[in-house]
Amino acid sequence: MIQIRLHNTLTNDLQPLVPVHPGEVRIYTCGPTVYASAHIGNFRTFMFQDVLRRFLKSQGLRVLQVMNVTDVDDRIIQSAAAAGIGIREYTDKYIRAFVEDIDALHIQMPEELVRATDHIEDMVALIEKLQAKGLTYTSEGSIYFRIAKFPAYGRLSKIDVAGMQAGARVDVDQYEKDDARDFALWKAPKPGEHFWETRIGPGRPGWHIECSAMAMKYLGDTLDIHTGGVDLAFPHHENEIAQSEGATGKQFVRTWLHAEHLIIEGQKMSKSLGNFYTLRDLFARGHKPSTIRYLLLSVPYRRQLNFTEEGIVQARNSTERLRNFVTRLKTAQFPPGSNAENEKRIEKAENDFDAGLADDINTAMALAAVFDLVRDINTSMDRGTFLQQDAPRAVAAMEKFDDVLALLADDDDERLAKLGFSPQKARMAAAEVEALIEERQAAKKRRDFKRADEIRQKFADSGILLEDAKDGSVRWKYK
RNA sequence: GGCGCGGUCGCCAAGUGGUAAGGCAAAGGUCUGCAAAACCUUUAUCGGCGGUUCGAUCCCGCCCCGCGCCUCCA
């Protein structure tokens, strides 16, 4: 099997992936905080994780991925209170929307999608473990992690903790801490606030403890891979390490993978700049799920992705090229026989595709391998050297690529409909299309080009694309 | 100030110590009744200045520029 190498933030270099449990890769993914709809930047990160897990699976590895949903934090508590509903009810709708969104993008559901509020007991138990080891202290009912007791702190983010201490911009929380670097494991309830009554007192979990508790519960003390956006490396992931390794004494994560951010038209995405998009904003503007998927996965994850209007157009056209190619493979007529040259060419593409992804999930390289094949096979078809037996083989290769890319299925309208977006134009029924095509063919045959062109115009008005093939047959599709 | 990512064809974006993948766009062409669509072909010397080297876009140093993190954040 091909050696997969990944860029580990912890060591800042490329390392071979060697799963703790042979044949199975266990991944923890920092999921969304469900106080609002996820934005396109979130999906950049989730898209990376999807490509990663799909690739691992395509290599015959089992994947056990856990993604958390943070359904309790300050914003959620405040927003829910403002709406006059419980936090569970408040977050339910955003979780539902999130699941719909990732489905629309063909992002696979992790094996476990877990909510923080379902794991309060696990967090309490973990905090108790840390207490027993003397790594915590209590102040005004809140429990903090004492970083001074964990010398490895800062290794992941290469943060100079001493400098942090001296720095001016320390976290001025409402809580009392011994040291500005310390972080809350458990927060005492404020008046009127939602809280849990537990063995360690009333309150609610700090943000970081949920990930440590849930990751280890489902994946064991040492995970193969932990992913998230670059912004999470510090302090979130750093704190996860402190909590987990503080409790177990074992290495928490072997490989840390951090996805770079997405920016919009060269600028940081922010609500104040008015360039803050949810997925549905983009769908409402007429962009297809597959276009967004292509755009998000086409740029390797460790590179900032500049999300632009022009980029969307390019992504849409590129996706079309791929789909057109497969359509041609499936519908065109080829001379009988098979050609070993084509087989060789296809195998090369398969190898290049895997090699690209094995190299730290280099999607640009993988896509290049696919497009190289598209061009070469098209050429072979044009030259008549592509034969009948070659077609299913080429289709199989494209489908194999699509196990990872998930771009070929022409189901955009369906997926949009699920989210309540209807196609702009009423669709002409397929039977009607076929009938009109036949009529047009007949008109052409008797050289009644006026009538033929009328029909063609009618199709254009209905958003239907005609393709007159070389052999006289006609292919068509909805735009 | 510290840490990190990046500056390669009009746009997006790989890559390698020995003279640059791929996609989009553009131009030319094939096909066509004419078109469209589809397909083919063509198009860069790699931010700047030094250094190492027989040879650097790729190694080292300095500089310039963009973005991010260092406080909640994918």
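Chain identifiers are assigned alphabetically (A, B, ...) following the order of the sequence lines, protein sequences preceding nucleic acid strands; residue numbering begins at 1 within each chain. Predicted model only: the values in this text are computed from it and were never measured.
The CZ atom of Arg44(A) sits 12 Å away from the C1' atom of A13(B) (whole-angstrom rounding).
When the nearest nucleotides of RNA chain B are assigned to Asn362(A) and Tyr294(A) by heavy-atom distance, the more 5′-ward of the two goes with Asn362(A). In terms of position on RNA chain B, the residue among Lys444(A) and Arg75(A) whose nearest nucleotide sits closer to the 5' end is Lys444(A).
As the counterpart of A21(B), no nucleotide is assigned, since no Watson-Crick or G-U wobble pattern has both distances under 3.5 Å. Base pairing analysis places C9(B) opposite nothing; no Watson-Crick or G-U wobble pair with both distances below 3.5 Å involves it. Figure legend. U45(B) is base-paired to no nucleotide; pairs are counted as Watson-Crick or G-U wobble with both atom distances under 3.5 Å. The partner of U30(B), taking Watson-Crick or G-U wobble pairs whose two distances both stay under 3.5 Å, is A38(B). Pairing for C67(B) goes to G4(B), judged as Watson-Crick or G-U wobble with the two contacts each under 3.5 Å. With a 3.5 Å ceiling on both atom-pair distances, U52(B) lacks any Watson-Crick or G-U wobble partner.
The base of C40(B) does not come close enough to the side chain of Arg383(A) for any donor and acceptor atom to sit less than 3.5 Å apart. With hydrogens and angles left out, the side chain of His258(A) and the base of A74(B) share no donor-acceptor pair within 3.5 Å.
With centres under 5.5 Å and a plane angle under 30°, the ring of His261(A) is stacked against the base of A74(B). Aromatic stacking of Phe449(A) on G33(B): satisfied, with centres closer than 5.5 Å and planes within an angle under 30 degrees.
Among the protein residues, Leu295(A) comes within range of no part of the nucleic acid, since none of its heavy atoms lies under 4.0 Å from any strand. Residue contacts shown for Ala259(A) are absent, as no nucleic acid heavy atom lies under 4.0 Å away. At a threshold of 4.0 angstrom between heavy atoms, the contacts of Leu232(A) are confined to the sugar-phosphate backbone, with no base atom among them. Heavy atoms of Met269(A) sit under 4.0 angstrom from at least one base atom. Note on Gly228(A): only backbone sugar-phosphate atoms sit closer than 4.0 angstrom, heavy atoms only; bases stay farther off.
With A14(B), C69(B), A37(B) as the choices, the nucleotide that has an atom nearest any side-chain atom of Pro300(A) turns out to be A14(B). In this structure, the nucleotide among G23(B), C34(B), C72(B) sitting nearest to the side chain of Gln314(A) is G23(B).
Look at Arg303(A) and you won't find any side-chain N or O under 4.0 angstrom from OP1 or OP2 of C12(B). For the OP1/OP2 pair of A25(B) and a distance below 4.0 Å, the side-chain nitrogens and oxygens of Asn317(A) include at least one atom meeting the criterion. OP1 or OP2 of G23(B) sits under 4.0 Å from a side-chain N or O of Arg321(A). Residue Asn306(A) places no side-chain N or O under 4.0 Å from the OP1 or OP2 atom of C11(B). At least one side-chain nitrogen or oxygen of Arg375(A) sits closer than 4.0 Å to the OP1 or OP2 atom of G22(B). Side-chain N/O atoms of Thr33(A) include none lying less than 4.0 angstrom from OP1 or OP2 on C73(B). For the OP1/OP2 pair of A37(B) and a distance below 4.0 Å, the side-chain nitrogens and oxygens of Trp476(A) include no atom meeting the criterion. When the side-chain nitrogen and oxygen atoms of Lys268(A) are compared with OP1 and OP2 of C69(B), one or more of them lie within a distance under 4.0 Å.
Applying the salt bridge (Lys or Arg N to Asp or Glu O under 4.0 Å) test between Asp448(A) and each of Lys450(A), Arg451(A), Arg446(A) identifies Arg446(A) as the sole match.
A heavy-atom distance below 4.5 Å is not found between the side chains of Ser318(A) and Ser298(A). Between Asp182(A) and Phe145(A) the shortest side-chain heavy-atom distance does not fall below 4.5 Å.
The cationic group of Arg285(A) lies under 6.0 Å from the six-membered ring centre of Tyr277(A) and within 45° of the ring axis, placing it in a cation-pi geometry.
Ion pairing of Asp412(A) with Arg323(A) is present here, as a side-chain N (NZ or NE/NH1/NH2) and a carboxylate O approach within less than 4.0 Å. The pair Asp453(A)-Arg456(A) meets the salt-bridge criterion, since a charged nitrogen lies less than 4.0 angstrom from a carboxylate oxygen. Under a 4.0 Å N-O distance rule, the pair Lys458(A)/Glu439(A) does not qualify as a salt bridge.
Here, G7(B) and G47(B) have their P atoms 8 Å apart, quoted to the whole Å. Atom name P, nucleotides C3(B) and C62(B): the rounded distance is 12 Å, in whole Å.
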